[in-house]
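Worth saying up front: this structure is predicted, and the values here are computed from it rather than measured.
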Amino acid sequence: MTFGERLKKIRTERGLRQEDIGKVVHVGKSTVSQWESNTHVPDLETVAKIADHLNISIDYLLGRTDNPVPPVDKNRYETLAAHRRDDPIADLPPEAQRSLEEFKEYIIKKYGQKKE
């Protein structure tokens, strides 16, 4: 399946018009029509904007994969986890926090030494 066929397929599945795609990348519907009929091909920056707007992978649009789901950015989630502010342990009384630390040390001692 070509770029144009994939673009048209996704666009129609989502009930979008060529004008809607054109507005995203600041071109007219005739340009989108030319892309879909494979008369012309957009530059990579435009392909990236379309993929971002449709929440699909660039590789899917370019025919390099049949999976339209964009790859997950693992660093994004790691960064979010590093900034977590809703730690339920912080709301526990000091005695409960100490008990958790002691339990953690117990588990580390018990299972951390069994690396043979």
Side-chain angles (χ1 to χ4, degrees):
M1 198 182 286
T2 65
F3 167 84
E5 292 167 336
R6 287 174 184 253
L7 175 60
K8 184 175 182 176
K9 178 180 182 288
I10 290 285
R11 179 183 61 75
T12 55
E13 284 175 356
R14 298 188 180 182
L16 297 170
R17 301 168 302 159
Q18 290 176 334
E19 294 94 317
D20 300 324
I21 299 297
K23 285 180 185 175
V24 172
V25 292
H26 309 291
V27 298
K29 76 174 192 177
S30 62
T31 300
V32 177
S33 175
Q34 291 172 340
W35 295 339
E36 290 182 354
S37 63
N38 298 306
T39 307
H40 294 283
V41 178
D43 59 44
L44 281 177
E45 184 179 335
T46 302
V47 173
K49 285 181 183 175
I50 293 169
D52 287 346
H53 179 74
L54 298 173
N55 194 28
I56 58 174
S57 75
I58 294 171
D59 283 344
Y60 175 78
L61 275 178
L62 296 177
R64 298 178 63 188
T65 178
D66 289 331
N67 183 2
V69 178
V72 176
D73 183 357
K74 293 179 183 174
N75 292 331
R76 179 175 167 210
Y77 293 109
E78 289 173 9
T79 300
L80 289 175
H83 296 287
R84 183 178 173 182
R85 294 180 182 194
D86 62 340
D87 182 8
I89 294 173
D91 294 334
L92 294 173
E95 182 180 332
Q97 291 180 12
R98 274 194 302 276
S99 293
L100 280 172
E101 281 301 315
E102 290 170 5
F103 182 70
K104 187 169 102 180
E105 289 174 15
Y106 166 77
I107 294 294
I108 290 171
K109 271 186 184 177
K110 183 174 180 179
Y111 296 103
Q113 296 173 352
K114 292 188 174 182
K115 292 180 181 178
E116 293 179 23

K.L.:
Going hydrophobic residue to hydrophobic residue with side-chain gaps under 4.5 angstrom, can you get from Ile50 over to Val69?
P.N.:
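Each belongs to a different hydrophobic cluster.
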K.L.:
Measure the CH2-CG distance between Trp35 and Leu61 for me, rounded to the nearest 0.5 Å.
P.N.:
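Going from CH2 on Trp35 over to CG on Leu61, the span is 10.5 Å.
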K.L.:
May I have all residue pairs that pass side chain to side chain donor-acceptor pair (under 3.5 Å) and include part of residues 36-53, sequence neighbours excluded?
P.N.:
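Residue pairs with at least one partner in residues 36-53: Thr2-Asn38, Arg11-Glu36, Gln18-Glu36, Ser37-Thr39, Asp43-Thr46.
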K.L.:
Of all the heavy-atom pairs spanning Tyr60 and Asn67, show the shortest one and how long it is.
P.N.:
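So the two residues come closest at CB-O, 3.7 Å.
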K.L.:
Which residue pairs pass the salt bridge (Lys or Arg N to Asp or Glu O under 4.0 Å) test with at least one member in residues 62-72, sequence neighbours excluded?
P.N.:
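Residue pairs with at least one partner in residues 62-72: Arg6-Asp66, Asp59-Arg64.
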K.L.:
Side-chain contact test, heavy atoms from C-beta onward, threshold under 4.5 Å: evaluate it for Ser57 versus Thr65 and give yes or no.
P.N.:
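The answer is yes, as the side chains (C-beta and beyond) meet within the 4.5 Å cut-off.
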K.L.:
Considering residues at least two apart in sequence or located in another chain, which fulfil the salt bridge (charged side-chain N to carboxylate O under 4.0 Å, His left out) criterion with Lys9?
P.N.:
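Per chain and number, Lys9 pairs via salt bridge (charged side-chain N to carboxylate O under 4.0 Å, His left out) with Glu13.
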K.L.:
Please name all residues satisfying side chain to side chain contact (heavy atoms under 4.5 Å, CB included) with Asp20, sequence neighbours left out, ordered by chain then number.
P.N.:
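Side chain to side chain contact (heavy atoms under 4.5 Å, CB included) list for Asp20, sorted by chain: Leu16, Arg17.
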K.L.:
Do Val27 and Gln34 come within less than 4.5 Å of each other through their side chains, counting heavy atoms only?
P.N.:
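They are not in contact (no side-chain heavy atoms under 4.5 Å apart), so the answer is no.
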K.L.:
Just so I know, are the side chains of Val24 and Leu54 near enough to count as touching, which here means a heavy-atom distance under 4.5 Å?
P.N.:
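No, too far: nothing below the 4.5 Å cut-off.
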K.L.:
Tabulate below the donor-acceptor pairs under 3.5 Å that side-chain atoms of residues 96-106 make, not counting sequence neighbours, or state none.
P.N.:
residue, atom, partner, partner atom, Å
Gln97, NE2, Ile89, O, 3.0
Gln97, NE2, Ala90, O, 3.4
Gln97, NE2, Leu92, O, 3.0
Ser99, OG, Glu95, O, 3.2

K.L.:
Ignoring hydrogens, what is the shortest heavy-atom contact between Arg14 and Ile56? Give both atom names and the distance.
P.N.:
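Result for this residue pair: NH2-CG2, 3.6 Å.
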